[in-house]
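See below for the structure under consideration.
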Amino acid sequence: MDNNIFWLNKLVPKHVLLDDSEIEKRLKPLQIEKKQLPKILLKDPALKALDQEAKPGDVVEIHRFDDHAGTNLAYRLVVEE
Amino acid sequence: MREMIPKKIARIDFALMGPKEIRKLSATKVITADTYDDDGFPIPMGLMDLHMGVIEPGLRCKTSGRKMDEDPGHFGHIDLAMPVIHAGYSKTMKDVLNATHPSSGRIMLTQDRIEHYNVQIQRLIDSEAGTTVTIGGIVRRAIREAVKSKTCPHCGEEKIKVTLDKPTTFREEGRKLTPKEIRSRMEKIPDSDLLCLGFNPKITRPENMILTVLSVPPVPMRPSITLESGERSEDDLTHKLVDVLRINQRLRENRDAGAPQLIVEDLWELLQYHITTYFDNQTAGIPTARHRSGRPLKTIVQRLKGKEGRFRSNLSGKRVNFSARTVITPDPYLSINQVGVPELAARELTVPVRINIHNLAFMRNLIKENFDPSDPEQYIPGINYMIRPDGRRVKLTDENWEFNHERLEPGFIVERHLMDGDIVLFNRQPSLHRMSMMAHEVRIMKGKTFRINLCVCPPYNADFDGDEMNLHVVQSEEARAEARILMRVQEHIRSPRFGGAVIGAIHDHITGMFLLTHGEASYDIDQTVRILSRVEYKKDLPKPEYPKAKGGPRWSGRQIFSVLLPDDMNLKYDASVAVSLALTPEENAELDLTVEIVNGQMIRGPVDGHSISAFKGKILEEISRLNGSNAARDFIDKVTRLAVGALMETGCTTGIDDADVPKEALLQISDAQDVAVKEVDKLVNAYNKGKLQPRPGRSVEETLEVEVMGVLGRVRDKSGEIAGTHLGMDNFAVIMARSGARGSMLNLSQMAGSIGQQAVRGERISRGYEQRTLSHFNKGDLGADAKGFVRSSYKKGLTPTEYFFHSMGGREGLVDTAVRTSRSGYMQRRLVNALEDLRVKYDGTVRNTANTVVQFKYGEDSIDPTKSKFGDAIDIDRLIEDAKGGK
């Protein structure tokens, strides 16, 4: 992840692919299922730039940072189209 | 009322109705184009047939046997002599025709591809996970692929392209296709191919896009009205159906009589026209059907579409009961939470109250007072209706009130007139933000207008030049609780937009407080008591600041104001007057223009806009953020009263002489202007000789403009300064401007000194005649006067050319506002439609009605902006100050 120039731009937030147990851990407190998450397209450049290959049904955790609110986590469900 | 069995709607399918369904739905067949016979009775099998519902009182519906207002009516049908195309589906029909082959009736895809698409669609229907793909998208791809293939894979024949002449003519190699042919082609398509054409064969089939039977809407949907002359006037839809029936009849007769092909075809097309316009009278490509008077007919689509259509006008928004509208007028003695309601309106608006043992006696008394008042001068709420436990409504009248008064008992509901303390919603259009509709407590008053406190004008954007506002009486206990907790004015003092106060002292309140507290202003015991009595101050008077003054002890204005401050308040900031003078802090302190509050006592500085106004007021901000909405409301109410009290002691007036400046000052100004105009001439000369050096990145012309604007801008400032030095704090206009009450020093300098350069599109005025603005000037004149520089002041008056330039600038301002409002209105509508179903759930996530997450944390920081300090959750500077021990 660090060797890809894509992530060097400060406007590109960090994306992390979650495995199944992590997904459950994150979604449980929200009391939602995967399909209620916002979506991200499989062809999204951020997913392509990841080290692991994402597949539809995966969930990515996005670490956003802004001066006002600090770090902030968001989750997106990978969809094919 | 009949008991209904509650059922949950699992899903709704929208589909085309075929002739079978339409006939099954129909209560009667319609064959005659006539409506009523000579006696005014509906003709059987006519357009007003009693089977389709009744619109006259007394008659009964022949289908359901119900009376006028009980029966929503029933559909009928017309059998069309020849099939006709439904213009709304012509695009889909074109796709279907081009994607299928007429001889095999199959979609022009190989069996494999059909399977492929079927599987995709089926998977989408079954899938639980979200995607961005829609059935429509898959179907579009399938159709595109089918249209592309040159030969049919099923029969091997080449296909011929069908073109559509909008709205309803289909051609195949120039030859017209009749609706009959199209229909038979569509009938030929097997069910198995329909899924990838976008049809679910279990629900509908493509041939239903061609009409063979026309559904006739129920009579109550198109009632005829009887004019005063006794003449009947039919609804537009009925008119259109009459046209359809007439042509249909002629077409049938001609066809059966074996009339020439040409005549039949003409009639067929005419029928097509009438049916197309019956659905949509604004179909592109065909003339609109008109009423005899020339007015375009309002047919089905026109009823539904647009702002005045059924959806936006009757379903998304409705007219309501328990509401009132009248002119608003100000009343500074009302709390910001209150609204003054005229007695006349209060007697019409009611609140339902359930009777219990506690309020029984009270309500009985209200009934009695209503019909037999003990004091006719006093407003006592009455009761219009009582609702018995069995649900019967009884109207109370002079005759029956004594009887019903006795019968009233727990379990009854009475509809009581509005009274003091009731909670109502108050609204002014346009409702652009949530502060446009707030809850107020009622105060019944004499007169015929709604009264409001002046401090709530800014959130409503109201003034009193004839503005009207709406009032709604909430009817249920939950609604009242919600209104009181969430919508009351005091809960909206702080805006969610930027975390500051939007409701605060305005205009006279600021002037008044300034006059009360500025400089050495002090008041004797009579004045002090008079002023303080307005805020219901019940404690002992503070120790007088000047106990030994001549004529008895005197209290400073600051002492009087401090009565409103919380005891633990400590603040230090510059007053509005200080900022506008732009002095150093030392000078400010010397001139007593820094405000300092120690332990709730104001020890220095005047109270002005920077203390108590909305947006800027530091004291208001502090109280509303730290002491809660009750304290903030109380503070605003009392500031209002105190300011009025102070103005009663000092007085404040402004007039034309406030713009007076000494002759020398005027001379100074005109000298400065002469110098500037000469400087401009110099620049213009340099430009004309080609000697002007262009600035980096600018052309010579642009450089000239920038330089000239700079020079003229500076004189405007300078003449303002000159005028300003002669306009001192003894001048009420200046007091208002500097304290932030109303107007600015710029406004004043334009009145007293000079108005300055006028601009259109941000540039000096350059439009009008060829190379000049007006015929008073030479061609190519680039001097100050020729391009819209106004030397005069408003007080002196403008020369004709100046006046003209000034009007040009003014016109631009008006046009801008007009354009801005319409554009931002549409933008707002789109935003609201996109965001209206979002809400913050208890777990802090933002979700829509589909319960999908939009934000995982509200605003990504979970901060309620109304409770923030201009967006920040914590006022860190303040916390540090406090930790250090404060000051």
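Lettering follows sequence order; numbering is per chain, from 1.
Ranking B/Thr845, B/Ile863, B/Val853 against chain A, the residue ahead of the rest is B/Val853, based on heavy-atom pairs under 4.5 Å.
Here the CG-CG distance, from B/Asp843 to A/Leu30, works out to 6.0 Å after rounding to the nearest 0.5 Å. Atom-to-atom distance recorded for B/Phe856:CZ and A/Leu73:CG is 9.5 Å, nearest 0.5 angstrom. A distance of 6.5 Å separates NZ of A/Lys39 from OG1 of B/Thr852, quoted to the nearest 0.5 Å.
Partners of B/Arg140 by side chain to side chain contact (heavy atoms under 4.5 Å, CB included), not counting sequence neighbours: none found. With sequence neighbours excluded, no residue satisfies side chain to side chain contact (heavy atoms under 4.5 Å, CB included) with B/Ile485.
The environment of A/Lys55 atom NZ is sparse: at most 12 non-hydrogen atoms of other residues, nucleotides or ligands sit within 6.0 angstrom. Summarising the local packing, CZ of A/Arg64 is surrounded by more than 12 heavy atoms from other residues, nucleotides or ligands at distances under 6.0 Å. Other residues, nucleotides and ligands contribute more than 12 heavy atoms inside 6.0 Å of the CG atom of B/Leu315.
Minimum interatomic distance between A/Gln31 and B/Arg847 (heavy atoms only, all atoms of both residues): O-NH1, 4.2 Å.
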